[in-house]
Every structure is written in C-alpha cells, then in structure tokens.
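Keep in mind that what you see is a predicted model, and the values were worked out from it rather than measured.
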Amino acid sequence: MTSFGGAASSGMVDWDLAVATATRLMRPGPEVSRDEARAVVTELREYAKASETHVRGFTRLGTDETHDTPVLVVDRPGWVRANVAGFRELLKPLLDKMQDRRGSSPGGALLGTVGGKVTGVEVGMLLSFLASRVLGQYETFAPATRGLPAGGPPGAPNGGGRLLLVAPNIVHVERELDVDPHDFRLWVCLHEETHRTQFSAVPWLRDHMQGEIQAFLGETDVDPMTVLERVRQAVQSFAGGRPEGEEDEDEGRSLVELVQTPAQREILGRLTAVMSLLEGHADFVMDGVGPQVVPSVAEIREKFQQRRAKGASRLDLALRKLLGLDAKLRQYRDGERFVRAVVEEVGMDGFNRVWTSPNTLPTKAEIAKPAEWVTRVHRKPEA
C-alpha cells in the first residue's frame, strides 16, 4: 500500500488510515480468471486510445499534442489510493488552516490526533461506498504518486490529471446489465475520454475550477463548534426536527449543501453549472459517437439509464441523497439537454465557444434555459 506520509497522517485527516479503512471495507470485485482480467485491461487500454480519435473528430477539440495525460486501468484499491492523493492535495490549504486553529487551542494537539483518525475512518468509509460504483474518472487535480503517474500541460503544478478506468466495476456492470461487454467497455471509454479531452484541450479550465474550489473551501468556517452546529441543524432537517408549521426551505438539499454558508452556495451554483456542462457534454458525445462505433449503443443506453435512476437499494438511494449524488444525476440530464439544444441552434463550432473563457461558461440559470446562453454569447454587437 502506498504511504502518503506521516505528516499528513498526524494532521486533520489520517490519510493512510482512510486508505486502509476503505480497502478493508470495500466489496470484493467480480470473479474473473487471471487471463480474463488481463484481457479486460488490454482491451480497455485499446478502447481508450481509439476513443481519442472518435471524440476529437466529433467534438472538434484537441490535437495529438494535447493528450499528454496518462490513462490508467486500476482496481478498486487503486482508485481509492488515487483519490486520496487528489483529496489530500486539493484540501491541503483548508486542512492546514484548520490545523493552525486547532493547534492554538488548549489540548489541540491531542484533539488533532484523535480527530484525524476519526476523520480518516469516515473518509475511508465513504470511499469504500464509492469504490464499487465508479466506472471511470478523469482526475483533474491528481498529483503523481508511486505507481500512479499524472500528466498535464507544461508547468502544471503537481501534475495535471489522469484518466482512471476501474476494471472490476466495468465488468460488474456489464454483467449486471447483460450487455455486450466489448461494446460497453468502448461506450464507457468514450464518456471518460470526453472529460480527458475537455481538460487537455481547454488549458484554462483546470485552473478555473481549482480557483472556484479553493474559494469554496476558503469560505469554510474553521471553528469546529460552528461546523458541528450546522451539521446538527442539517440532521434535524432530515429527521423532521424543525418546528411545526415551519416551511421546509431545505427540501431537496443534500447534507453537503445544508452545511454551507451563503457565499459557498453561490460558488457551488457556478460549480454546478460547470459540472452539468462537462457531464452533459460527455453524455452528448457518447450518444453522438456511439451509433457509429458501438452497435448495441441503444440497448446499453436504455439499460444504463434505468440503472442510474433506480439505484441498487433503499440504502443506496438514502446515501445518494445524503451525499448529493442524486444532484449529479440531474447534472447529466440537464447538461445533456443544454448541449443538445445549443448544438441544434448554432452547430458544434458555435457550441465550442463555451470553451473560450470562464465568461463564456453557462450559468446555472442558462443550463436550464440554453436560449439565454446563445443570446448572451452569440449576440451580434450593436453597430
């Protein structure tokens, strides 16, 4: 197991413990022979490479030179290690600030050690839940670690991303849906390759998103009692603990949303719009390229949409709600409708103006009303 350093383990989150907890709790993958596993890995690498050409041709984004981020086929523990490395890098400024605040309080060092282990276990439990569900992921802020290289544009600090394909999860879902495994693997690669193309062909996008996320984290109140109070209020709202007759303003919000400040909700609105764009664009590309290269794409799409919608169990639905994962499902739907409407109105080249700068990204309102984005971005200047 890769170690992420003793200094990090003694801070606000024990990252090594998070990895160990997730690895211990995660579900076993599907049973495959060694030869079958080797064949799956080889095929996924081949399909990822082939997807580059398909996605570039359809989206008119990127060149051979822009695709310098690695494609890694990993198992569930590998996915966990990669994400812990990314979390540690992305959350470092916030955790350092919280560590400083805690260190200046009486008993702060002891509380930090205990709290770091508790948080490490909690992070590990969350990752164990997600590790069996993610098929692929473009890690935007991935630092290079032992056995997990990362690439990116020249000069990108701490690497610039990597594409992960989680082989056991792909095999599990293709069996669960009873679809052609070769078609399904290529279909998944098309979606994930679109994300890789988005970030490699649009150099400013990574820095823009990192800036938004750091602004979001910077607004976090580092006073533990304040955070605990927000969590308590959030839990009460889910448990029906509000006074009788009080309107439920929090209906539809996840626990993650409920513990945010007003400034964070504003930033989250912008991030939600970007994520809707990225996910919807990937779905649009997958559907656009699919009929040409994936013979059974219609069957795969229908079965996969049904799987997305219903979840695996009542517990799965509850966790999705708690973590805000149901919002991600809406991002796929809303974003895909936005992309489709804009392409129908102004064509692919017209849609690609979305990648010009942060100012041409759609707002959350424009995601729901694509015509407003078209009017704003494509309006002719007055004489």
Nearest 0.5 Å, please: how far is CZ in F184 from CD in E299? 11.5 Å
Considering all heavy atoms of both residues, which atom of A167 and which atom of V40 are nearest to each other, and what is their separation? CB-CG1, 4.2 Å
For H54, run the side chain to side chain contact (heavy atoms under 4.5 Å, CB included) check against V294, V289, V285 and tell me which one passes. V289
Check whether any side-chain heavy atom of T194 lies under 4.5 Å from a side-chain heavy atom of M286, and answer yes or no. no
For R376, is there any backbone N or O sitting under 3.5 Å from a side-chain donor or acceptor partner on R379? yes
Check: S296/D180 side-chain N/O donor and acceptor closer than 3.5 Å: no
Short side-chain to backbone donor-acceptor contact, W204 and W355, under 3.5 Å: yes
Measure the spacing between CZ of R185 and OH of Y47 and express it to the nearest 0.5 Å. 7.5 Å
Indicate yes or no: at least one non-hydrogen side-chain atom of S357 is less than 4.5 angstrom from one of T360. yes
Atom pair OG1/CD1 of T140 and I213 - distance to nearest 0.5 Å: 7.5 Å
Can you confirm whether Q214 sits close enough to L90 that some side-chain heavy atom of one is under 4.5 Å from a side-chain heavy atom of the other? yes
Are S128 and T21 side-chain neighbours, meaning at least one heavy-atom pair lies under 4.5 Å? no
Taking every heavy atom of D334 against every heavy atom of R337, the minimum-distance pair comes out as OD1-NH2, 2.5 Å
Please determine whether a side-chain nitrogen of the Lys or Arg among E36 and R175 lies less than 4.0 Å from a carboxylate oxygen of the Asp or Glu. yes
Are L278 and M209 side-chain neighbours, meaning at least one heavy-atom pair lies under 4.5 Å? yes
Give me the ring orientation class for W373 and F338: parallel if the planes are under 30° apart, tilted from 30 to 60°, perpendicular past 60°. perpendicular
Is there a side-chain contact between K49 and V71, using heavy atoms and a 4.5 Å cut-off? no
L163 side chain near T69 side chain, heavy-atom distance below 4.5 Å: no
How long is the span from the CG atom in L268 to the CZ atom in R265, to the nearest 0.5 Å? 9.5 Å
Would the number of heavy atoms belonging to other residues, nucleotides or ligands and lying under 6.0 Å from CE of M348 be above 12? yes
Going by atom types alone, do H195 and Q198 pair a side-chain donor with an acceptor below 3.5 Å? yes
Side-chain touch L127/W79, heavy atoms, less than 4.5 angstrom: yes
So, for P362 and V354, which heavy atoms are closest and what is the spacing to 0.1 Å? CD-CG2, 3.5 Å
E174, E176, E302 screened by salt bridge (Lys or Arg N to Asp or Glu O under 4.0 Å) with R307, the one that passes: E176
E192 vs R196, test: salt bridge (Lys or Arg N to Asp or Glu O under 4.0 Å). Steps then yes/no. CA-CA 7 Å; E192 302 306 334; R196 182 167 171 248; over 6 Å; no
Verify salt bridge (Lys or Arg N to Asp or Glu O under 4.0 Å) between D283 and R340, making sure each step is shown before the conclusion. CA-CA 10 Å; D283 268 11; R340 185 172 301 280; over 6 Å; no
Which atom of V171 lies closest to which atom of P30, heavy atoms considered: CG1-CG, 3.9 Å
Would you compute the distance between atom CG of L135 and atom CZ of F304 and round it to the nearest 0.5 angstrom? 5.0 Å
Nearest 0.5 Å please: distance from the CG atom of N169 over to the OG atom of S132. 6.0 Å
